[in-house]
Amino acid sequence: MTALTDRVDYTITDGVAVLTLNNPPVNALSQGVRQGIKEGVEMALTDPQVGAIVLICEGRTFIAGADITEFSQGLQEPDFHGVLQSMDAASKPIVAAIHGTALGGGLETALCCHYRVAVADARFGLPEVNLGLLPGGGGTQRLPRAVGAEKATEMVTSGNPIGATEALQLGLIDIVVEGDLRAAALAFAADKIGTTSLPRLRDRDEKLQSARDNPGFFDEVRKAISRKTRGFLAPEYNIRCIEAAVNQPFDEGLATEAKLFMELLSGPQSAAQQYFFFAERQAAKVVDLPADTAERPINKVGVIGAGTMGGGIAMNMANVGLPVTLVEVKQEALDRGLAVVRRNYENTARKGRLSAEEVEARCKLIEGSLEMQDLHDCDLIIEAVFENMAVKQDIFTRLDSIARDDAILASNTSALDLNEIAGVTGRPESVIGLHFFSPANVMKLLEVVRGEKTGDDVIKTCMSFARRIRKVPVLVGVCHGFVGNRILFQRQFQADRLAHEGAAPHVIDKVLYDFGFPMGPFQMSDLAGLDIGWSKETSKGASVKDRLCELGRFGQKSSAGYYDYDDNRVPTPAPVATELFAEFAAREGIAQREISEQEILDRCLLPMINEGAKILQEGIAQRASDIDVVYVYGYGWPVYRGGPMHYANTLGLETVVEKLRKYGEQTGSDFWQPAELLLKLAGEGGRFG
Ligand code: 3H9
């Protein structure tokens with residue numbers, strides 16, 4: 001065996017040179033890997049004893065793509081394209097032996113091999129779009145030639161990988177291997193020794209014909225994905241590359257791909273999306289947990305409260321095969337909750353994403369009960385009743401005597417003091433916050449709230465449990481609203497002020513929608529319901545929101561709120577809302593005026609950044625990027641802008657401070673006082689993170 005580099009080994013077995021890549025954890029195409037492949041291919045081509053080459057990987061996966069950390073450092077030699085070119089042009093057959101995931105540059109490497117063999121659970125994809133990029137190693141030109149332009153367009157615009165069975169049917173791979181991959185690849189390669197006319201995807205055109213015959217195809221795709229991809233550059237750039245594959249000769253198509261790739265790579269969207277890729281992975285890590293911290297086993301879960309939240313939480317467990325006991329006080333509420341769960345599953349089945357048997361199996365895993373006592377054998381119990389400290393404390397007092405000694409007791413509170421809840425139990429070390437976002441069966445974010453006394457083992461268990469139920473966990477500390485809602489309160493407050501000062505609610509919403517949020521603050525309030533925390537008996541009409549509720553305008557559920565809704569829930573701005581703001585402004589002596597879109601954007605976003613800085617200086621979040629993960633996954637912050645803290649970095653912290661001061665002077669309010677951490681970092685010319 002020869003070590004070509006510290007990442008690539010070279011051996012010869014029965015006339016077949018085997019290049020073995022070993023670059024943990026995912027065999028990314030780092031410099032040492034590219035160098036090793038280049039040298040290995042050259043060696044094999046010049047060695048008369050070698051008749052074929054196998055490219056295979058050690059560890060858990062085939063090459064999962066370019067090394068993303070290298071993008072920001074500038075690409076080093078050897079150039080990826082040169083390596084691919086030498087493989088494509090090789091005079092001896094090269095076989096890619098694939099296990100795990102062949103992604104991005106990994107799949108592009110395999111596409112430059114003459115043959116591809118793979119194990120049955122291997123997956124293949126070009127997920128560059130998720131990094132704000134496109135496959136820049138010829139993937140947009142070779143994949144359509146392998147699987148057709150239609151399938152390739154779907155793969156590059158969604159980033160979703162396909163499995164081995166589909167890959168075989170499409171012609172992306174040559175065989176699916178049962179048993180030992182290396183042995184099978186060696187045998188396959190030995191069989192190809194001496195083949196003179198090697199199959200090269202660059203030479204194949206036949207699978208492009210159907211797209212050539214259907215010139216409207218790409219515009220149909222654009223239309224179909226427009227809602228989902230609004231604001232993103234990369235999906236459109238990916239489509240243009242496949243169009244080039246269909247309409248241009250291969251080498252011209254490659255040049256188009258290279259040009260568009262560089263445009264994306266040097267732009268702010270890709271920088272934000274690459275940043276976010278690592279932010280998400282960082283968020284899973286808890287800095288101060290000893291490595292040997294044990295986890296508690298979780299095999300059965302209890303949920304208290306069968307409302308929208310409790311039902312949604314229970315579905316997360318059933319989705320991964322975990323039995324759940326769902327407890328309610330009244331039979332009627334329990335029946336209603338279970339019926340909603342069933343309806344949700346049936347809706348999913350109607351869309352073809354679940355079979356009838358799966359619907360039944362999941363519903364069966366959720367057992368309803370009216371007895372809290374039935375939670376006695378649960379490993380994790382999540383309380384999801386309405387936000388009232390006395391009610392929650394009563395539940396935790398009772399749970400303390402019912403739950404097993406090693407059970408974890410969690411509250412789904414979105415803002416209350418977890419320490420006060422834990423304080424009523426004799427086991428505060430077993431109490432934690434698990435703040436799910438609504439709808440809990442859909443939203444990926446989970447704020448894991450660490451109380452003053454929460455045990456390390458409980459934190460570790462909940463962070464890994466979150467991933468088991470396919471959530472993205474972010475560890476946060478106790479404060480009003482934790483990270484997400486605490487920051488949101490600031491934006492809502494300013495949106496309300498702006499409306500008093502003369503900006504119409506729908507204009508404020510539009511500014512935030514255009515920034516990339518799925519909806520603005522007033523649309524969000526209408527969706528959530530304006531009557532949360534409002535009661536007819538006690539209402540004093542003290543705010544615009546109260547007055548809207550008094551008029552029976554509770555938001556979308558009553559087809560009227562800040563907007564009027566038609567039967568299809570299409571909103572039109574409600575004049576009554578603007579009139580009420582004008583009335584309140586007059587009463588409070590606020591002069592209404594024209595407000596620019598820039599001022600609306602600044603006044604909604606800068607307080608979020610400032611609050612994020614306070615959260616960091618108080619140690620409520622572990623790191624700035626965690627705040628961004630909360631905002632992208634929990635509140636629809638456009639990922640191509642990275643999250644509020646990354647966005648602040650792109651504005652420049654000095655600019656953020658300057659603007660905060662400007663609005664402070666304009667309004668004469670302390671609200672705009674920059675956080676100490678922000679002042680410090682801006683003073684040093686620093687950044688968050
Ligand atoms: C590309 O290929 C461009 C080309 O078209 C053209 C070039 C000219 N680079 O996700 P995990 C790290 S763009 C560097 O937790 P899993 C990751 O940060 C690339 N590092 O594991 C983590 O580090 P840590 C196209 C990478 O088992 C560790 O590996 N490819 C890369 O849940 C484990 O990762 C992609 O977009 C990378 N490419 O999932 C694929 N990938 O332990 C990106 C991972 O320090 N990768 N790391 O936190 C993935 O989707 C998943 O990592 C994968 C494994 C599915 C492979």
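Just so you know, ligand 1 is whichever comes first in the structure, and atom 1 is the first atom listed for that ligand. Residue numbers run from 1 in the order of the sequence given.
A cation-pi contact, defined as under 6.0 Å to the ring centre and within 45° of the axis, is absent between R222 and F218. Taking the ring centre of F80 as origin, the terminal cationic atom of R34 falls outside the region bounded by 6.0 Å and 45° from the ring axis.
The distance from ligand 1 to the heavy atoms of G65 drops below 4.0 Å at these ligand atoms: 2 (O), 30 (N). When each atom of ligand 1 is checked for a heavy atom of G105 under 4.0 Å away, the hits are 1 (C), 2 (O), 4 (C), 5 (O). For ligand 1, the atoms lying closer than 4.0 Å to a non-hydrogen atom of G104 are 2 (O), 25 (C). Close approach to F277 involves these atoms of ligand 1, each under 4.0 Å from a residue heavy atom: 18 (O), 41 (N), 43 (C), 44 (C), 46 (N). Of all the atoms in ligand 1, the ones that sit under 4.0 Å from a non-hydrogen atom of P127 are 30 (N), 35 (C), 36 (O). Proximity to F278 (heavy-atom distance under 4.0 Å) selects the following atoms of ligand 1: 18 (O).
Residue, atom and distance of the protein heavy atom nearest to atom 9 (N) of ligand 1 are I68 N, 3.0 Å. Taking atom 6 (C) of ligand 1 as the reference point, the nearest protein heavy-atom neighbour is G136 N, 3.6 Å. Looking only at protein heavy atoms, the nearest one to atom 28 (C) of ligand 1 is P25 CG, 3.4 Å.
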Show me the donor-acceptor pairs, under 3.5 Å and distance only, between side chains in residues 94-114 and residues at least two apart or in other chains.
residue: H99; atom: NE2; partner: G59; partner atom: O; Å: 2.7
residue: H99; atom: NE2; partner: T61; partner atom: N; Å: 3.2
residue: T101; atom: OG1; partner: T61; partner atom: OG1; Å: 3.0
residue: E108; atom: OE1; partner: G137; partner atom: N; Å: 3.3
residue: E108; atom: OE2; partner: G136; partner atom: N; Å: 3.4
residue: E108; atom: OE2; partner: G137; partner atom: N; Å: 2.6
residue: E108; atom: OE2; partner: G138; partner atom: N; Å: 3.3
residue: E108; atom: OE2; partner: G139; partner atom: N; Å: 2.8
residue: T109; atom: OG1; partner: G105; partner atom: O; Å: 2.6
residue: H114; atom: ND1; partner: I94; partner atom: N; Å: 3.0
residue: H114; atom: NE2; partner: D88; partner atom: O; Å: 3.4

Would you give me the side-chain donor-acceptor pairs under 3.5 Å for residues 126-134, sequence neighbours excluded?
none

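Residue-to-ligand polar distances keep F261 apart from ligand 1: every N/O pair is separated by 3.5 Å or more. Below 3.5 Å of separation, one finds no N or O of P135 facing any N or O of ligand 1. For R60, a nitrogen or oxygen atom sits less than 3.5 Å from a nitrogen or oxygen atom of ligand 1, counting backbone and side chain alike. Considering backbone and side-chain N/O of L103, none are found under 3.5 Å from N/O of ligand 1.
A donor-acceptor contact under 3.5 angstrom links the side chains of E295 and S464, judged on distance only. Side-chain contact of T293 with D457: a donor-acceptor pair under 3.5 Å is absent, judged by distance alone. Defined by atom type and a distance below 3.5 Å, a donor-acceptor pair is present between the side-chain atoms of Y633 and E280. With hydrogens and angles left out, the side-chain atoms of D628 and Y647 include no donor and acceptor closer than 3.5 Å. Side chains of E150 and S210: a donor on one and an acceptor on the other come within 3.5 Å. Checking S270 against Q274 by side-chain atom types alone, a donor-acceptor pair falls below 3.5 Å.
Using a distance-only test at 3.5 Å, with no hydrogens or angles considered, a donor-acceptor pair links the side chain of K207 to the main chain of A146. Put simply, the side chain of R212 gets close to the backbone of V246: a donor and an acceptor are under 3.5 Å apart. Judged by distance alone, the side chain of R116 and the main-chain N or O of L172 form a donor-acceptor pair under 3.5 Å.
Protein heavy atoms are absent from the space less than 4.0 angstrom from atom 53 (C) of ligand 1. For atom 32 (O) of ligand 1, the protein comes within 4.0 Å by no heavy atom at all.
Between T109, V26, L84, it is V26 that holds the heavy atom closest to atom 44 (C) of ligand 1. The option from L131, L29, N130, T69 that lies nearest to atom 36 (O) of ligand 1, judged by heavy atoms, is L131. Nearest to atom 22 (C) of ligand 1 by heavy-atom distance, out of R281, Q274, E128, E108, is R281. Remark: among candidates N27, T101, D67, T61, the nearest residue to atom 14 (C) of ligand 1 is D67, based on non-hydrogen atoms. In this comparison of R123, Q282, R467, K285, the heavy atom closest to atom 45 (O) of ligand 1 sits on K285.
With a heavy-atom cut-off of 4.0 Å, A66 touches ligand 1 through backbone and side chain alike. With a 4.0 Å cut-off on non-hydrogen atoms, A64 touches ligand 1 through its backbone as well as its side chain.
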